2 protein chains.
Amino acid sequence: MTQPDSLHYLGVRDAIAARIAGGELKPGERLPSERQLQVGGGVARGTIREALFQLEAEGVIYRKDRSGWYVSPPPVVYDPTRWEGFMSYVEAQGRRPTTETLSKTEIACTPVLAPIFGRPVGAPMYRIRRRRSVDGRAVLVETIVVDAAMAPDLLSHPLDGSLTSVLKSAYNIAVARNRVDMQPCALTRGEAEALQVKSGLPGLNVVRTSYDAQGRVVEFDREYWRHDALKISVDIRVR
Amino acid sequence: MTQPDSLHYLGVRDAIAARIAGGELKPGERLPSERQLQVGGGVARGTIREALFQLEAEGVIYRKDRSGWYVSPPPVVYDPTRWEGFMSYVEAQGRRPTTETLSKTEIACTPVLAPIFGRPVGAPMYRIRRRRSVDGRAVLVETIVVDAAMAPDLLSHPLDGSLTSVLKSAYNIAVARNRVDMQPCALTRGEAEALQVKSGLPGLNVVRTSYDAQGRVVEFDREYWRHDALKISVDIRVR
DNA sequence: CTTCATTTTTGGTATAGACCAGAAGGGCGG
DNA sequence: CCGCCCTTCTGGTCTATACCAAAAATGAAG
């Protein structure tokens with residue numbers, strides 16, 4: 001798989017990357033349109049797009065559907081072992097976090113959820129869907145499930161902040177253990193729509209299960225992140 | 001960004017995905033060629049490729065340059081907080097790990113490495129480049145740097161196994177702390193070539209810094225993973 | 001000023017055709 | 001049997017064109 005350095009789209013890619021690295025185009029700024037990038041220099045739009053796709057995979061640029069290509073802001077650093085919640089760690093990095101609650105409903109425990117929570121199928125659960133943004137750009141959508149028996153009337157509390165602190169202050173439920181799974185994925189229909197990206201774009205699937213001191217599942221959370229919005233950082237002392 | 005379900009390439013994608021999910025095509029098996037997938041049903045090769053790219057992003061299939069598309073094997077689970085080394089945790093999952101040493105050289109400490117190791121620029125260091133595979137498929141390339149003063153004559157030891165255990169048994173150096181950073185990236189020229197993938201494909205960049213009990217940097221390791229080869233899993237007790 | 005409808009621009013999808021370099025396979029000669 | 005060459009197949013790149021739907025810009029009307 002040797003590469004001859006002479007591929008057309010790689011040249012286009014590097015030219016654009018240079019303009020970004022050189023500060024000519026700043027984070028959040030819009031790139032010239034694909035047709036403008038052709039300039040007339042005998043390059044097909046498909047070739048321009050190939051270059052843009054590469055930069056997108058690198059996290060250098062992102063797109064808004066039918067609006068244009070934009071320079072990506074720096075990613076948020078996330079340490080799964082330190083659990084302060086989205087709002088505080090984004091703020092700690094000098095960024096502006098926001099949360100929107102997309103829906104909150106009471107559901108019946110499904111066959112998938114039952115073994116996770118150790119509760120019978122049909123038991124009442126709360127499901128909360130939220131979208132979280134950094135500096136106005138949506139970076140993740142999440143679906144949280146909580147056992148209704150542990151936190152009755154949860155949905156009447158404010159849900160646009162830290163759910164963990166609501167559970168602690170209103171129900172005296174403390175998280176003692178966290179299990180986090182992460183895997184690259186493609187964003188499908190539902191998540192892509194909520195993140196306002198094209199379906200099929202790469203993303204990161206983060207599944208977090210929180211347990212209390214008795215080992216009961218407090219919170220089951222599935223998050224879909226934009227692949228370019230996150231940087232994972234873990235610092236551990238070996239026992 | 002509503003999507004009308006009627007897009008041609010999504011239909012093609014789902015048809016192929018169904019054949020894989022249905023067991024007609026098994027992990028490691030080769031898909032029919034792009035031109036064969038056109039069948040004559042009035043679909044352009046570009047549309048077929050669009051569908052294949054999506055499945056690739058999802059980790060369902062992967063490609064070998066100019067050879068064909070293949071069904072992906074399941075990913076390896078990796079827990080950055082548990083540090084047994086590549087060989088043992090891959091084996092523990094019933095897979096066959098292999099390591100090749102691509103190069104091993106003594107280098108002078110660079111301006112980038114100097115502050116990491118707390119050593120002057122020009123100090124002798126060892127640099128080891130390795131490629132690691134699972135069941136015969138290359139999944140990562142890594143570049144390890146070790147301070148030569150801490151592990152004199154390191155390069156004469158066998159390097160195709162666990163480096164950590166070599167450091168421990170031969171030099172009595174134990175890792176007390178690990179720092180791991182992970183970020184989605186695009187695989188560039190060098191890594192892509194070593195992994196035998198096309199340059200620009202998405203990957204995961206893992207940077208691990210290991211410290212001993214005195215806080216000295218024992219090992220600085222930069223890994224580039226295929227994006228579809230890895231699943232990250234962390235389990236932590238909250239203090 | 002705001003509001004609403006229209007036009008323009010933009011990226012998204014799709015077709016068709018072309019050529020290339022590398023992989024794979026077959027056959028030939030040793 | 002092995003090794004080498006040549007052909008075939010395959011994905012990789014690129015051009016050119018076309019049409020669509022959504023976003024953005026524009027302009028008219030209130």
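As the structure is a prediction and not an experimental result, all values here were calculated from the model. In what follows, every chain begins at residue 1, and chains take the letters A, B, ... in the order their sequences are listed.
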Respond yes when some side-chain nitrogen or oxygen of A/Arg63 is under 4.0 Å from OP1 or OP2 of C/dG12, and no when none is. yes

Measure from CD1 on A/Ile48 to P on D/dT13 and round the result to the nearest Å. 15 Å

Think B/Ser67 has a side-chain N or O under 4.0 angstrom from the OP1 or OP2 of C/dG22? no

Against the six-membered ring of B/Phe86, is B/Arg130 placed for a cation-pi contact (under 6.0 Å from the centre, within 45° of the normal)? no

Side-chain-base donor-acceptor pair under 3.5 Å for A/Arg49 and C/dG11: no

Return the nearest nucleotide to the side chain of A/Leu7; candidates are C/dT15, D/dC14, C/dG22. D/dC14

Report the residues that fulfil salt bridge (charged side-chain N to carboxylate O under 4.0 Å, His left out) with A/Arg222, sequence neighbours left out, ordered by chain and then residue number. none

Report yes if at least one side-chain N or O of A/Lys64 is closer than 4.0 Å to OP1 or OP2 of D/dA22; otherwise report no. no

Distance-only check: which donor-acceptor pairs under 3.5 Å involve side-chain atoms of residues 16-24 of chain B, not counting sequence neighbours?
from	atom 1	to	atom 2	distance (Å)
B/Arg19	NE	B/Glu24	OE2	3.1
B/Arg19	NH2	B/Glu24	OE2	3.1

Take A/Tyr9 and A/Arg45, find for each the nucleotide of DNA chain D with the closest heavy atom, and name the residue whose nucleotide sits nearer the 5' end. A/Tyr9

Between D/dG12, C/dT15, C/dG11, which one does the side chain of A/Trp69 approach most closely? C/dG11

Closer than 4.0 Å, any side-chain N/O of A/His8 to the OP1 or OP2 of D/dT15? yes

Look at A/Gln36 and C/dT9 and indicate whether a side-chain polar atom (N or O) is within less than 4.0 Å of OP1 or OP2. no

Verify the contact: side-chain N or O of B/Ser33 to OP1 or OP2 of D/dC9, cut-off strictly under 4.0 Å; return yes or no. no

Is it true that the NZ or CZ of A/Arg137 lies under 6.0 Å from the centre of A/Tyr62's six-membered ring and within 45 degrees of the ring axis? yes

On DNA chain D, compare the nucleotides closest to A/Tyr70 and A/Gly46; which residue's is nearer the 5' end? A/Gly46

